[in-house]
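Counting starts at 1 for both ligands and their atoms, in listed order.
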Amino acid sequence: MPRKIIFDTDPGQDDAVAILTALASPDELEVLGIVAVAGNVGLDLTTRNALQVVELAGRPDVPVFAGCDRPTKRRSITGAHVHGEGGLNGPDLPPPTMRLQQKHGVDFLIDTLAAAEPGSITLCTLGPLTNVATALARAPDIVRRAGSIVMMAGAYFEVGNITPAAEFNIYFDPEAADLVFRSGIPIVMHSLDVSHRILTTPERLTRFAGLGNRCGKAVAEMLNFSQTFDLAKYEWEGAPLHDPCVTAWLLQPDLFGSRDVNVTIETNSDLTLGMTVVDFWQITDRPRNVTFSHAVNAEGFYDLLAEKLSRLP
Ligand code: BDR
Ligand code: CA
């Protein structure tokens with residue numbers, strides 16, 4: 001039986017690769033729906049991009065919902081400086097023909113979890129945690145029926161990418177993150193500490209481009225675009241690849257090394273707002289609320305992505 005998952009996402013080229021890899025893996029993963037959230041770009045664009053990704057994969061049966069259009073307490077920022085004004089710059093994708101679902105994304109999350117066997121659904125978050133936190137605030141007992149949240153968010157050793165102290169998905173809505181991390185739902189967290197070790201080298205992008213299908217070509221074009229900012233910033237041989245860690249962990253968890261730790265979100269300090277304070281060395285007796293992924297087999301990760309993506313149209 002494939003594992004039932006819901007993506008909560010702000011596509012984003014790396015979000016798109018995470019979703020495509022899951023859609024390429026129907027034996028292992030059943031994508032019940034995709035809920036868009038404001039993040040890398042505004043909600044109007046993240047919803048459009050989610051529809052385009054689903055159509056690119058030839059899977060218009062996967063419903064796409066619009067969730068929250070702004071952080072719970074703060075003003076919106078964007079990641080357009082990395083992802084482009086459209087959020088999914090790179091390939092020339094046709095405008096979507098699929099319709100967005102009428103239901104609000106937060107209602108979809110609540111209704112789906114309410115109807116499911118407790119523990120049977122995995123929430124996969126690739127963006128700010130606004131939708132999940134809004135659902136939690138509205139229906140805590142229902143949302144706690146999620147089996148786990150597997151997320152891309154935060155950092156410990158690599159600290160921050162949108163400020164010196166904070167990673168984008170947490171910084172966008174730190175109060176939402178705080179609620180989610182204190183919810184008691186088991187969390188598997190993939191942070192900059194792993195995404196900074198799986199770089200989009202020229203060889204890896206050439207491999208995607210050469211898969212012989214339209215999805216491989218589009219993935220190469222997406223990542224070729226989104227790496228531009230990070231290549232100039234870090235001067236590494238490739239750019240970090242963030243969100244596909246979530247799908248790769250679901251498909252092949254032995255690619256990652258992890259430890260159970262406490263993670264607490266900074267919501268007060270102006271200087272370190274949105275910091276994920278990871279008790280990696282177990283200095284405190286705070287409860288271990290997160291399985292924190294800190295090591296990754298980069299070659300195995302790219303082999304997995306290439307093999308899965310080659311199955312798409
Ligand atoms: C995260 O922020 C976004 O730019 C990416 O899509 C990823 O989810 C990395 O910090
Ligand atoms: Ca994202």
Side chain of Asn213, backbone of Leu309: donor and acceptor closer than 3.5 Å?
yes
Could you check whether atom [atom1] of [X] has more than 12 heavy atoms from other residues, nucleotides or ligands sitting under 6.0 Å from it?
{"X": "Lys103", "atom1": "NZ", "value": "yes"}
{"X": "Arg214", "atom1": "CZ", "value": "yes"}
{"X": "Phe181", "atom1": "CZ", "value": "yes"}
{"X": "Asp92", "atom1": "CG", "value": "no"}

Can you tell me the N, O or S atom of Asp10 that's nearest the Ca ion (ligand 2)?
OD1
Of all N, O or S atoms in Asp243, identify the one at the shortest distance from the Ca ion (ligand 2).
OD2
Mind reading off the angle at the Ca ion (ligand 2) between the OD2 atom of Asp15 and the O atom of Leu126, rounded to 10°?
80°
Test the Arg259-Phe280 pair against the cation-pi criterion, namely NZ or CZ under 6.0 angstrom from the six-membered ring centroid and within 45° of the ring axis.
yes
Under a 4.0 Å N-O cut-off, is there an ion pair linking Asp44 with Arg48?
no
Tell me, which residues have any heavy atom less than 4.0 Å from some atom of ligand 1?
Asp14, Asp15, Asn40, His83, Leu126, Met152, Asn161, Glu167, Phe168, Asn169, His242, Asp243
